Amino acid sequence: MKKNQTVKFRNKPRIVGSYSIVGPKEGKGNFAPYFNYVMKDDSFGEDSYEKAEKKMFEHAIVGAIENAHLQPDDVNLLLAGDLLNQIISSSYAARNFNYAYLGLFGACSTMAESLAVGASLIDGGLFDTIVCATGSHFSTAERQFRFPLELGNQRPPTSQWTVTGAGSCVLSNNGYGPRITMATFGRVIDWGINDVNDMGAAMAPAAMDTMLAHFRDTKTTPDDYDLIVTGDLGKLGSEILIDLMEDNGVKLGLNYNDCGQMYYTRNQNMLSGGSGCGCSATVLNSYIIDKLRKGELKRVLFMPTGALMSTTATQQGESIPGICHAVVIECDEENVDKYYKKVSTSTAYKTTKGNRKKGE
Amino acid sequence: MDEKKRNEAYNRYVKAKIPKTKAWPSLFNSFLVGGIICCIGQGVNDLIMLWFPSMAEQTAWAYTLIVLIFIASFLTGIGVYDKIGKFAGGGSIVPITGFSNSITSPALEFKHEGIIYGIFVKMFTIAGPVIVTGVVASFVVGLIYLFI
């Protein structure tokens with residue numbers, strides 16, 4: 001008998017606010033109408049891309065708090081993570097806020113990890129209001145994991161494009177909004193894929209493992225969900241996942257899709273699709289939460305995957321371990337959309353500035 | 001089932017599933033762009049020879065290389081060379097312009113880390129291995145040449 005990996009929440013914490021900010025390329029993608037803010041250029045007025053990523057984080061955090069009609073002081077805890085070494089974007093953004101902070105690293109699965117941890121803490125009555133934020137930037141990820149931007153090389157057809165964007169949401173026991181009802185914490189799974197240009201294949205077994213564990217623990221089937229969405233398996237990875245699930249006797253139907261695969265339009269020619277923390281984070285905090293609030297989706301299984309690799313380990317011949325966490329988000333009320341404040345960036349930016357700690 | 005067998009089977013399955021790059025169109029693009037770069041090089045050389053008839057042929061070639069390296073660096077700086085590279089692949093990597101691009105692009109990328117620790121240190125991250133391989137290979141070839 002395998003051990004239970006799933007937590008069922010008794011108090012069912014709510015997602016009371018959300019905010020997404022993306023780069024110009026993402027702003028032309030399939031989810032364009034749902035984003036709160038599209039940056040005009042991906043350096044965001046900063047002199048380096050790392051600083052731009054940090055600024056995106058600040059915007060996302062402030063925007064989500066505002067969207068929830070909360071004051072910055074109402075928040076107890078910030079859970080955040082990103083892809084860079086020592087998760088600098090989230091930690092450096094966190095120094096501008098007066099909140100307790102937990103830095104998380106689950107590679108591209110960080111959004112679900114933060115939601116699962118946040119929901120557990122709220123459900124246990126330990127905190128009232130928690131902000132979860134993740135994001136990634138194409139240019140910073142590219143320089144850390146791959147080649148300089150201006151190098152004239154070709155990408156293989158399996159490679160994915162790191163999404164420039166950050167998403168954030170506010171969890172609380174009070175207020176209105178979709179509820180987090182269950183979370184399945186994933187195991188680290190490694191089926192021996194070495195190719196760093198083929199993350200989808202490296203992460204698909206982890207997605208399969210978590211998905212099977214989730215269906216087993218909760219006694220649900222894919223048909224119980226309006227939407228089952230993985231994070232950034234990409235075109236190839238999601239095809240592999242469908243095959244793997246079929247081998248295990250679970251048929252994924254039309255309600256299954258992948259954020260990375262859906263992210264860019266065909267004309268943008270992004271090979272296997274989008275990837276990165278920002279991929280699942282921005283889709284969740286724009287499209288999915290929007291649809292949940294409007295009642296168009298009732299029950300979503302959100303399960304972003306992460307490749308827990310580093311360039312050092314892969315160069316030493318290690319294969320790529322993958323992880324996947326799943327979160328079930330449900331909305332039982334009709335049309336809760338009206339309870340939220342529409343957030344434009346200008347106000348969000350001002351609050352960020354105003355919220356800086358004294359003496360900085 | 002033991003893990004090794006499962007991993008091997010999975011790797012085989014993934015390998016079969018990966019979409020293949022189309023060889024002929026890629027080769028055509030490569031040779032087209034590579035050929036154009038070579039023609040530009042020849043053109044520049046001919047012009048130098050025409051304008052400075054007294055110059056030695058060796059010197060003219062050196063100036064040609066300098067011009068090509070400058071053009072590639074400049075195109076990298078204004079963000080054009082990576083687009084050519086995306087289209088041409090090997091066609092724009094193999095000529096000396098590709099070498100120029102591989103030095104200019106990290107220099108640009110790491111300029112925020114400062115002149116010494118950024119530009120100077122990172123400049124040869126991509127070109128460095130090429131230079132080392134070139135030097136070692138020529139040493140080996142020279143050694144063989146010595147004995148035959």
Side-chain angles (χ1 to χ4, degrees), chain A residues 43 46-52 139-140 142-144 146-159 161 189-195 197-206 208-209 233-244 247 269-272 311 315 319-322, chain B residues 3-22 26 29-30 33 72-73 75-95 97-113 118 122-123 125-127:
Chain A
S43 65
E46 297 287 320
D47 57 8
S48 81
Y49 291 122
E50 280 76 10
K51 287 178 187 160
S139 305
T140 60
E142 200 67 10
R143 80 140 71 177
Q144 181 175 309
R146 294 176 201 99
F147 294 114
L149 295 176
E150 299 299 333
L151 187 73
N153 59 337
Q154 272 178 331
R155 298 158 156 272
T158 51
S159 75
W161 188 273
I189 303 289
D190 189 341
W191 280 19
I193 296 287
N194 284 315
D195 185 1
N197 284 313
D198 190 5
M199 297 293 203
M203 298 187 292
M208 176 206 75
D209 189 76
L233 292 177
K235 213 175 285 165
L236 178 73
S238 46
E239 281 169 19
I240 292 175
L241 178 64
I242 291 172
D243 284 0
L244 288 175
D247 291 345
N269 193 20
M270 286 304 163
L271 303 164
S272 202
T311 41
Q315 278 164 5
S319 51
I320 304 168
Chain B
E3 271 181 30
K4 209 175 160 199
K5 264 191 189 151
R6 181 202 63 193
N7 290 358
E8 276 167 12
Y10 183 61
N11 267 294
R12 266 200 307 278
Y13 157 80
V14 170
K15 214 169 184 179
K17 188 116 187 151
I18 286 176
K20 300 279 175 299
T21 326
K22 289 179 193 110
S26 318
N29 293 349
S30 264
V33 175
S73 262
L75 290 179
T76 307
I78 58 170
V80 172
Y81 203 88
D82 60 321
K83 293 191 177 73
I84 300 173
K86 200 176 168 187
F87 172 79
S92 59
I93 294 174
V94 176
T97 49
F99 196 71
S100 165
N101 168 251
S102 76
I103 293 176
T104 317
S105 57
L108 275 172
E109 181 90 10
F110 290 95
K111 65 173 191 273
H112 298 300
E113 276 80 355
K122 301 284 186 181
M123 205 170 193
T125 41
I126 295 158

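Quick note: numbers below take in every heavy atom, side chains included, and nothing from hydrogens, waters or symmetry partners. Convention: sequence-line order gives letters A, B, ...; per-chain numbering from 1. What you are looking at is a predicted structure, and each value in this text was computed from that prediction instead of being measured.
With a threshold of 4.5 angstrom between heavy atoms, I84(B) does not approach chain A through any atom at all. For Y13(B), the part lying near chain A is the side chain, with the backbone staying farther off; criterion is any non-hydrogen pair under 4.5 Å. There is no contact between L75(B) and chain A, counting heavy-atom distances below 4.5 Å. Only the backbone of S139(A) comes within contact range of chain B, with at least one heavy atom under 4.5 Å from a heavy atom of that chain. For A9(B), no part lies under 4.5 angstrom from a heavy atom of chain A. When heavy atoms are compared at a cutoff of 4.5 Å, D190(A) approaches chain B solely by way of its backbone atoms N, CA, C and O.
Summarising the local packing, NZ of K22(B) is surrounded by 12 or fewer heavy atoms from other residues, nucleotides or ligands at distances under 6.0 Å. Counting heavy atoms of neighbouring residues, nucleotides and ligands inside a 6.0 Å radius, atom CZ of F147(A) does not exceed 12 of them.
Ion pairing between a basic and an acidic side chain is recognised when a charged N comes within 4.0 Å of a carboxylate O; E50(A) and R143(A) show such pairing. Between D47(A) and K51(A) there is a salt bridge, since a side-chain N of the basic residue sits under 4.0 Å from a carboxylate O of the acidic one.
Checking side-chain atoms of S30(B) against main-chain N and O of G91(B) turns up a donor-acceptor pair under 3.5 Å.
For chain B, the option among I193(A), T158(A), N153(A) with the highest count of heavy-atom pairs below 4.5 Å is I193(A). Contact tally against chain B (heavy-atom pairs below 4.5 Å) for G200(A), S272(A), A201(A): the top residue is A201(A).
Summarising the geometry of T21(B) relative to S26(B), their closest heavy-atom pair is CG2-OG, 4.0 Å, with the distance given to 0.1 Å.
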